[in-house]
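Here's the structure we're looking at; comments come further down.
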Amino acid sequence: MRVKFNYWSTNDHTLIDLLANGLDDLKELDNQLYSLFCVEHKRQMNELMMVASCSIVPPAVLICQSMSAGNVTAEGYPGRRYHAGCENIDAIENAAIERAKQVFHAQYANVQPHSASSANQIVLFSLLNPGDTILGMDLPSGGHLSHGAKISYSGTCFNAVSYSLSEDFLIDYDQVESLAIKHRPKLIICGTTAYPRQVDFKRFREIADKVGAYLLADISHIAGLVIAGLHPSPIDYAHVITTCTHKQIFGPRGGLILSGKDAGMLLHDKKKSLAEHIQRAVFPFFQGAPIPNMIAAKAMALQLTQTENYKTTMYRILDNSRVLGAALMSLGFDIITGGTDTHIVLIDLTRNGISGNLAERALEQCGIIVNKNNVPNRNSKSTISMGIRLGTNSLAQRGFGQIEMMCCAEIISKVIGNMTGDTWDTVAVNDSIRKNVREQVGELCNRFPIFNY
Ligand SMILES: *Cc1c(COP(=O)(O)O)cnc(C)c1O
């Protein structure tokens, strides 16, 4: 196989030529990969994507990720790089920083973290010493691995204490406060992966102040609702805010670190500010060279969050999840907290006697993509998840509205009511039901063939 170096062959090639050549070459040089990309794209178009952490990246953001700006090694920060030739990369990164600050009303933004998990790691190590105590939500309640789980660096490098949820599945702020007073953490983390209600950042800050702890708000799941003003912002309550850029920001896989009014506060050494500590922890402490094309994609995605279309989509995400939750309840399902204030709807399948694992598999067989989720408080000793987590990001981006969400609730109910088998390998859905649901899924998808980012 001969590689055609079309990439460099003309002086006047446009970006379109470059990308088109790339696609032609891919097809010719690696048909296996090319075919996989095609079928995966088709799958995404033709299935109901209801995994709460998913969303669809708009073409303008997707294309930034393929740009040759990624060829540049640019260790350091704009204006202070360790390599020459970074003038354009500096401008890209400065644009991303400015937009992140503007979008979140932040005083400080770092756009280099490769993921939200890295962003959290960077924040923990920039503010704490190994062995210090942190307080975060436990994993079974919906905390993230990086919030102090024992199977993560966060729970092994630090003395992690965790809070859980009350009997009615809400954050028990009094419990958080008493744990904080008892254990005197140096840092408290709020932010969750499977919490359908609003987080009271103000209350968290009051607790943090009471014990002299830093507050880190990880808004990975709800960043878009925060941007659109549909969930309170933590910007001036938390010392530091982290988020990934690939859930509700509709950006590339990556992370952001932000700070509001505390950005300039001097830390323990009384020499450097909080923002300066974070800046050094991102580079050179944890990361090497940033990924310029991903930073460009973050800049593009942040820009799109300022459009009317984005705001409408965020509103639809929220409206759709409320309708979905209500419809599922009226079909007899137990919905955790009895509804939602976010994009997340959690179904508790305990009463149905079906594990989340098997429900996930049965729904997948019918083209409905969800993920199993632990039901807080129910099965803390068991490894079997008794719930499933649904999210409305992708479907709302597609243009689904209330009527479609009611259809979704009905077909989810139909699948769960017609499952057989009790292991991953044997689980199946009644043949005619499966065909019928597949058809309905196809029909719903066809009704909204173009994503309305
Ligand atoms: C998804 C998520 C993360 C992890 O993001 P990655 O970029 O995949 O590392 C971290 N924290 C919370 C709360 C999340 O929901």
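In listed order, ligands and their atoms are each counted from 1. Scope of the values below: all heavy atoms of this structure, side chains included, with no hydrogens, waters or symmetry mates.
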Backbone N or O of Gly148 within a donor-acceptor pair of the Ser154 side chain at under 3.5 Å? yes
Do the side chain of Thr392 and the main chain of Asn320 share a donor and acceptor less than 3.5 angstrom apart? no
Within less than 4.0 angstrom of ligand 1, does His246 place any heavy atom?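 Checking ligand 1 against His246, which is what was asked, there is a heavy-atom contact under 4.0 Å.
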Record the part of [X] in heavy-atom contact with ligand 1 below 4.0 Å; permitted values are side chain, backbone, both and neither.
X	value
Cys244	side chain
Ser220	side chain
Thr242	neither
Arg253	neither

Starting from atom 3 (C) of ligand 1, which protein heavy atom do you reach first, and at what distance in Å?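 I find the closest protein heavy atom is His144 NE2, 3.3 Å.
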Nearest-contact summary for atom 9 (O) of ligand 1 - protein heavy atom, Å: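 Scanning the protein heavy atoms, the shortest distance from atom 9 (O) of ligand 1 goes to Ser117 OG, 2.7 Å.
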Which of the numbered atoms in ligand 1 are under 4.0 angstrom from any heavy atom belonging to [X]?
X	result
Thr193	13 (C), 14 (C), 15 (O)
Lys247	1 (C), 2 (C), 3 (C), 14 (C), 15 (O)
Asp218	10 (C), 11 (N), 12 (C), 13 (C)

Ligand 1 N/O within reach of Ala116 N/O, cut-off under 3.5 Å: yes
What's the separation between atom CE in Met329 and atom CG in Leu324, rounded to the nearest 0.5 Å? 10.0 Å
Out of curiosity, Arg316 CZ to Gln397 CD, how far, rounded to the nearest 0.5 Å? 9.5 Å
Which of parallel (below 30°), tilted (30 to 60°) and perpendicular (above 60°) describes His221 and His343? parallel
Using 4.0 Å as the upper bound for N to carboxylate O, is an ion pair formed by [Y] and [X]?
X	Y	value
Arg203	Asp174	yes
Lys210	Glu177	yes
Asp425	Arg361	no

